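Read through the structure below, which is laid out as structure tokens, and then see the notes.
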Amino acid sequence: MVNTPLDVPRVIASDEGSIQQDPDRFWGTYRPGVYFGMKTKSPQSLVTGLMWFTQFSKERPLPIRHTCEQGDHLPRYGWLMHNGKDFGSQEIVDKNFTLTTEFVKRPGGKNGGDWTARFTGKPNKKSSNQTLVSLMFYAALDGQGVLEPTLRENRIIEIHGETEELGHFIIKFPRSASTKQSHYLRTYSPGLHMLKDTVARNLRMFPYGANRQFLLGLEGEDIRYKQYFPDEEPNFLVQQVTVSLPFEIEVMFESSSFRKRKVGLNGKELTKELDKHKVDFEKKFESKFGLTKKGFTANQIRVAKAAMSNLLGGIGYFYGKSIVKSQYNSDPVQYWASPLLTAVPSRSFFPRGFLWDEGFHNLLISKWDQELSEEIIGHWLDLMNAEGWIPREQILGSEARVKVPNEFVVQRNENANPPTLFLPIQSLLRDTKSKRNKLFMDYLRHIYPRLQVWYNWFNTTQTGPVNWSYRWRGRDPTINNELNPKTLTSGLDDYPRASHPSDQERHIDLRCWMTLASGVMSEIAQAIGEPFADYQTMYEKLSDNKLLGELHWSERGKMFSDYGNHTQNVALQHPAPPPMPKPQPGKRPVRPPKLPMVRVLTSKSGPSYKFVDTFGYMSLFPFVLEILEPDSPYLGQILSDLNNAKLLWTKYGLRSLSKSDPLYMKYNTEHDPPYWRGAIWINMNYLTVRALHHYANVEGPYKKVALLRYTELRQNLIKNIVLQYEKTGYIWENYNDITGKGQGSHPFTGWSSLLLLMMAENY
């Protein structure tokens, strides 16, 4: 059952992303985990990409740039413009030079058309003019196909290839005037995750210049792989050019089915097309978001464009099998082979799909390109099994798998993730243009059966101990090395819950997510003419403020809270060490090492069932998902607490956990630093800003104070995110609540890119 697909029509038909059905989107920068790479929306795609390194480097191992790595310590990189379809411009600042990568696609023929990539290098300072850079552009087969190089001396002039979907094609490498030496590699790689290692193993020393210098170059034909893979033909071709600064290199992909090509997409023609796409991007951006009209500076707008562009440029196409487990399987089993088109939270640290992140991503993507957003949501819904479960983390293919620690690979089917896909669906529903759009109504009819099953899965597997309550599964009551056992399924990881996990817990955030889901299901059913009474009744019951208060309002704490078996009297301590061994004559006694820290009770009174009075993001859920009535006294209390600097308010945004909470900024294990225990996270701040905007625009006693909080919080967030980008070159996973500094993984242009919607006030 756990690996049986849901037996209802797929949202994305098996051929919907094919060349025939969607030629304009078939090619793309669908490899978010590399600095630059092109591939198709195909299970066995031709894969292209770029590596580079600086000659005469003294660093060891040789710093070959390829996959996006925080350890590369690049001052800045990311897409500055990307339209999510056929154009992008990225700037990568390395230590000695700045590399600009640009691409344009041109439709034509029956196999996906042409595209050209341009790589431009400029020195960062005058002394960098002596720098020699080796760029290595490659083509690799991820499955079937043929690649054959056309050689001249020591360089590849063209690659002639053929695959089932692309037919015959040519990759051309026009010679650059900056080229000092050329080398190439023709070999076999057992997987896409091994490409860089394969290149590194095939570098050799070649004489250069009159000063007895030596350059590192690829050795050409590599037949040594035959020792290990005797039956395999070469599937990996690399063209290496070593160039001086400044330089400009172009790589052209031409489909042989494109027979009416008047002029090649290179040189002046490429420049003309790039300039046209840049102008079109600027016009569409202002038309969609109106930042210039709102008075933002050119620099602020530049940051907003980069935030959105890196989100769009981080959309990947993955194919593979998840590893899953249910209570009925003694060992993990493979899911069915699945495609997934998805944005990613971070190209460097999380270059794969995460279910709860994706709802936030598509709040922005849907505002820019509704068709693209609908396709992404459809891909996610097609991952649903017969039970109605969607694995929350998608690790599909070797490139994704190599980035994931083993402990996170297996997905368990009792574990949920917030159903955030309802957020962009709700946003699209409330767009008046979408309501008049027949295609969108057809789309809703298409996804509705899967949404029904998903919704029912939550209501049968994630319910709580009393009526109208919910509980996340996945907390471990036996663990003894965590200060507060994590709730990874909630998305908020180490945010404090009941200290002692039990089946009697009631989780406020999950109940609020299900309130949202019920309301959206009712809206969809009404829009497409399906019965909606059951969903509407559920929504009205879950949004009943009186019942909500009975289940989750702590009168003692004056906050919305979880309920469970809880005490604050816990701490991490080292157990007493074993006794010293008896001294041996002539030998110095060896003191036993410290034992790992474990959680202990610091009071004789143990936990008891109560409200978990931990003020933070969790306490805001009825507010941020706009469940509270405009005249609710609960709303008044939250708005009063919101700008209290002793609680969540900072001049950089709302911190995740009250500064006065005992677990504020506490390590959860001996080695795990705090994550959702004080840092400022943009997804929750966005929901807060959105909710404040809502309550500032509906009649009620708190309208004015909501507007006041809205104005100040929005300004604080925008100011700090832009400032940190200017200082560091990146948008970050979260921000320090004391200094405002960006921290965590970077670039993090998943939900942190919601900066743009806050600037545009487009909720």
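Everything numeric here is computed off the predicted structure, so don't read it as measured data. Residue numbers run from 1 in the order of the sequence given.
- Checked by atom type and distance alone, the side chain of Thr461 pairs as donor or acceptor with a backbone atom of Trp457 at under 3.5 Å.
- Residues Asn734 and Trp676 bring no donor and acceptor atom of their side chains to less than 3.5 Å of each other.
- Aromatic ring centres of His693 and Tyr763 lie closer together than 6.0 Å.
- Counting all heavy atoms, side chain and backbone alike, Arg473 lies closest to Thr463 at NH1-O, 2.8 Å.
- For the residue pair Thr614/Arg497, the side-chain donor-acceptor check at 3.5 Å is not satisfied.
- Side-chain atoms of His500 and Pro477, non-hydrogen and from C-beta on, never get closer than 4.5 Å to each other.
- Between Phe623 and Tyr695, the ring center distance clears the sub-6.0 Å criterion.
- Side-chain contact check for Ser658 and Asp661: no donor-acceptor pair (N or O, by modelled atom type) lies under 3.5 Å.
- The six-membered or imidazole ring of Tyr539 lies away from that of Tyr535, with a centre-to-centre distance of 6.0 Å or more.
- Checking Asn329 against Ser326 by side-chain atom types alone, a donor-acceptor pair falls below 3.5 Å.
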(message) Please determine whether side chain to side chain contact (heavy atoms under 4.5 Å, CB included) holds for the pair Ile524 and Ile425, giving the CA-CA distance in whole Å, both sets of side-chain angles, and the decisive distance to 0.1 Å.
(response) CA-CA 9 Å; Ile524 295 173; Ile425 295 172; 3.8 Å; yes
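- Taking the six-membered ring where tryptophan is involved, the planes of Phe360 and Trp513 are perpendicular, since the angle between them exceeds 60° and thus also 30°.
- The salt bridge (charged side-chain N to carboxylate O under 4.0 Å, His left out) test applied to Asp382 returns Arg10, Arg450, not counting sequence neighbours.
- Judged by the 6.0 Å and 45° rule, Arg506 forms a cation-pi pair with Tyr563.
- Inspection of the Thr487 and Arg475 side chains reveals an N or O donor paired with an N or O acceptor under 3.5 Å.
- In this model, a donor atom of one side chain and an acceptor atom of the other lie less than 3.5 Å apart for Glu733 and Ser745.
- A side-chain donor-acceptor contact under 3.5 Å links Ser502 and Tyr609.
- Using a 4.0 Å cut-off between charged nitrogen and carboxylate oxygen, Glu393 and Arg352 count as a salt-bridge pair.
- In the model, Lys610 has no side-chain atom that pairs as donor or acceptor with a side-chain atom of Thr567 under 3.5 Å.
- Atom CZ of Phe349 has 12 or fewer heavy atoms from other residues, nucleotides or ligands within 6.0 Å.
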(message) Leu654 vs Leu620, test: side chain to side chain contact (heavy atoms under 4.5 Å, CB included). Steps then yes/no.
(response) CA-CA 11 Å; Leu654 297 179; Leu620 304 182; 4.3 Å; yes
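- Between Asp737 and Tyr664, the side chains place a donor N or O and an acceptor N or O closer than 3.5 Å (distance only, hydrogens not considered).
- The existence of a salt bridge linking Arg445 and Glu530 is excluded, since no basic side-chain nitrogen approaches an acidic carboxylate oxygen closer than 4.0 Å.
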(request) Report the C-alpha distance between Tyr686 and Leu717 in whole Å, list the side-chain angles of each, state the deciding distance to 0.1 Å, and finish with yes or no for side chain to side chain contact (heavy atoms under 4.5 Å, CB included). (result) CA-CA 9 Å; Tyr686 167 81; Leu717 288 160; over 6 Å; no
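- Judged by distance alone, the side chains of Trp380 and Thr342 do bring a donor and an acceptor atom under 3.5 Å apart.
- With 3.5 Å as the limit, one finds no donor-acceptor pair spanning the side chains of Arg599 and Asn484.
- No salt bridge links Asp493 with Lys486; every basic N to acidic carboxylate O contact stays at or beyond 4.0 Å.
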(message) Determine whether Leu548 and Leu542 satisfy the following criterion, side chain to side chain contact (heavy atoms under 4.5 Å, CB included), listing intermediate values before the conclusion.
(response) CA-CA 7 Å; Leu548 175 65; Leu542 290 175; over 6 Å; no
Just list the side-chain donor-acceptor pairs under 3.5 Å for residues 626-640, sequence neighbours left out, or say none.
{"from": "Ser632", "atom 1": "OG", "to": "Tyr634", "atom 2": "N", "distance (Å)": "3.0"}
{"from": "Gln637", "atom 1": "NE2", "to": "Asp641", "atom 2": "OD1", "distance (Å)": "3.3"}
{"from": "Gln637", "atom 1": "NE2", "to": "Asp641", "atom 2": "OD2", "distance (Å)": "3.2"}

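- Between Tyr667 and Thr669, the closest heavy-atom pair is CB-O, 3.3 Å.
- At a cut-off of 3.5 Å, with distance as the only test, a side-chain donor of Glu358 or Asn362 sits close to an acceptor on the other residue.
- Relative ring orientation between Trp751 and Phe748 is described as tilted, the plane-to-plane angle lying within the 30° to 60° band.
- Side chains of Tyr735 and Ser752: no donor on one and acceptor on the other come within 3.5 Å.
- Comment: Lys325 does not engage Asp331 in a salt bridge, judged by the lack of any side-chain N to carboxylate O separation of less than 4.0 angstrom.
- Annotation: side-chain contact (heavy atoms from CB on, under 4.5 Å) contacts of Pro32 (sequence neighbours excluded): Phe318, Val344, Arg347.
- Partner of Tyr617 under the side-chain hydrogen bond (donor to acceptor under 3.5 Å, both in side chains) criterion, out of Asn685, Thr688, Asp509: Asn685 alone.
- By the 30° and 60° cut-offs, the orientation of the rings of Phe422 relative to Trp454 is parallel.
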(request) List the steps and the verdict of side chain to side chain donor-acceptor pair (under 3.5 Å) for Tyr470 and Asn459. (result) CA-CA 8 Å; Tyr470 290 86; Asn459 277 307; 2.5 Å; yes
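- In this structure, a donor-acceptor pair under 3.5 Å is present between the side chains of Asn413 and Glu387.
- For the pair Leu341 and Ile315, the minimum side-chain heavy-atom distance is below 4.5 Å.
- A side-chain donor from one of Ser322 and Gln394 sits under 3.5 Å from a side-chain acceptor of the other.
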